[in-house]
Amino acid sequence: MTKLSVNINKIAVLRNSRGGNNPDVLAAAIDSQRFGAQGITVHPRPDERHIRYSDVREIRRNIQVEFNVEGNCQEQKFVDLVLEVQPHQVTLVPDSAGQITSNHGWDTIKNQDYLKEIVAVFKQKGIRVSLFVDPVEEMVAAAATTGADRVELYTEAYASGFMENRTKAIAPYIAAAEKARSLGLGLNAGHDLDLSNLKFFKDNIPYLDEVSIGHALICDALYLGLENTIQMYRRRLAGPAAIVNPA
Ligand SMILES: CC(=O)[C@@H](O)[C@H](O)COP(=O)(O)O
Ligand SMILES: NCC(=O)COP(=O)(O)O
């Protein structure tokens, strides 16, 4: 079964825009869980433009579903936070500070020695480690030798190519996913997945462990409501006939 981890970064964007606590990010995490999210994902960035480090601590204490914290482990502050909070999973993303969003995966070959070291630091604390990678078989293979538990396939290229030619768009992801599976790596995916492209992705990569979805899901929820939207995403993952039960 592929788990839906709801990324609530964009709830925090709205909250921060007025300096108060509306919408309440912690309440959104708890309610997303109640509405059927099988995980919560946050991505605290160095400038705390949306998720704050204090949000991460509060959410960890108050949810029961899987907690996935994404971020750049080259920031010591991020490493310290993750070791303090000890989420179920940490997803290591090679962001530079000024990026508007994450836009590339690790070069797991060039960064092999560094990643081996930092992966061991998190695993020593019992935290599952996922490496954010592009859908490139060599990058997946080198992720396996770092000791990481999973890879997260960066799905922006799939999403941007989907409308024009979905078969072409999915091809590198199937190959990368097969490589991950052959090496015993767990498989996550995320970035720009949405209600239109999610089912095709899942149908072609059925052994996907988790998708983390935020931007499109929160945008959809502005029109469709958060509970209804989470259930719609769950049904995309469960198949047409399945009625999903909230977690
Ligand atoms: C790593 C990734 O692709 C996303 O999870 C990322 O969290 C999006 O970050 P923003 O919400 O800051 O765009
Ligand atoms: N890892 C992907 C994620 O958490 C959310 O990405 P997006 O759906 O906001 O593009």
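Counting convention: from 1, in listed order, for ligands and their atoms alike.
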**Q** Should you measure from each heavy atom of Asn7, which atoms of ligand 1 turn up under 4.0 Å away?
**A** 5 (O), 7 (O)

**Q** Under 6.0 Å between ring centres, would you say that holds for His191 and Tyr154?
**A** yes

**Q** Heavy-atom contacts with ligand 2 below 4.0 Å: which residues, ordered by chain and residue number?
**A**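 Lining ligand 2 at under 4.0 Å, by heavy atoms, one finds Asn7, Thr41, Glu70, Glu152, Gly190, His191, Asp192, Ser212, Ile213, Gly214, His215.
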
**Q** Applying salt bridge (charged side-chain N to carboxylate O under 4.0 Å, His left out) to Asp95 and Arg45, what does each step give before you reach the verdict?
**A** CA-CA 9 Å; Asp95 289 329; Arg45 293 182 179 275; 2.8 Å; yes

**Q** Does Arg52 have any salt bridge (Lys or Arg N to Asp or Glu O under 4.0 Å) partners at least two apart in sequence or in another chain, and if so, which?
**A**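 Salt bridge (Lys or Arg N to Asp or Glu O under 4.0 Å) check on Arg52 returns nothing, list empty.
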
**Q** Between Ser196 and Arg166, do the side chains contain a donor N or O and an acceptor N or O under 3.5 Å apart?
**A** no

**Q** Relative to the heavy atoms of Ser102, which atoms of ligand 1 are at a distance of less than 4.0 Å?
**A** 1 (C), 2 (C), 3 (O), 6 (C)

**Q** Any nitrogen or oxygen of Thr101, side chain or backbone, less than 3.5 Å from one on ligand 1?
**A**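 Yes: some nitrogen or oxygen of Thr101 is under 3.5 Å from one in ligand 1.
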
**Q** Between Tyr173 and Tyr158, how do the two ring planes meet: parallel, tilted or perpendicular, split at 30° and 60°?
**A** perpendicular

**Q** Quick one: salt bridge (Lys or Arg N to Asp or Glu O under 4.0 Å) partners of Glu84, sequence neighbours excluded?
**A** Arg57

**Q** Under 4.0 Å from a heavy atom of His191: which atoms of ligand 1 are those, numbered in the order shown and with their elements?
**A** 2 (C), 3 (O), 4 (C)

**Q** Does the side chain of Glu58 come under 3.5 Å of the side chain of Tyr53 through a donor N or O and an acceptor N or O?
**A** no

**Q** Is it the case that the side chains of Gln76 and Asp80 hold a donor-acceptor pair, with the cut-off being a distance below 3.5 Å and no angle test?
**A**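 Asp80 vs Gln76: donor-acceptor pair found between side chains.
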
**Q** How close does the nearest protein non-hydrogen atom get to atom 6 (C) of ligand 1, and which residue and atom is it?
**A**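 Of the protein heavy atoms, His43 ND1, 3.3 Å lies nearest.
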
**Q** Any idea which atoms of ligand 1 are less than 4.0 Å away from a heavy-atom of Arg45?
**A** 6 (C), 8 (C), 9 (O), 10 (P), 12 (O)

**Q** Output the list of atoms in ligand 1 that are nearer than 4.0 Å to some heavy atom of Lys10, sorted by atom number.
**A** 10 (P), 11 (O), 13 (O)

**Q** Salt-bridge test for Arg236 and Asp203: reply yes if a basic N is under 4.0 Å from a carboxylate O, no otherwise.
**A**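 No salt bridge links Arg236 with Asp203.
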
**Q** Assess whether atom NE2 of His104 is packed by more than 12 heavy atoms of other residues, nucleotides or ligands within 6.0 Å.
**A** yes

**Q** Tell me every residue that passes salt bridge (Lys or Arg N to Asp or Glu O under 4.0 Å) with Asp113, counting only those two or more places apart in sequence or in another chain.
**A**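 Asp113 satisfies salt bridge (Lys or Arg N to Asp or Glu O under 4.0 Å) with no other residue.
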
**Q** Under 4.0 Å from a heavy atom of Phe132: which atoms of ligand 1 are those, numbered in the order shown and with their elements?
**A** 1 (C), 3 (O)

**Q** Closer than 4.0 Å to some heavy atom of His50 - which atoms of ligand 1 meet that?
**A**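 It comes down to these atoms of ligand 1: 10 (P), 11 (O), 12 (O).
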
**Q** Suppose I only count heavy atoms of Glu70 and a 4.0 Å limit; which atoms of ligand 1 are within that range?
**A**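 In order of number, 1 (C), 2 (C), 4 (C), 5 (O), 6 (C), 7 (O).
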
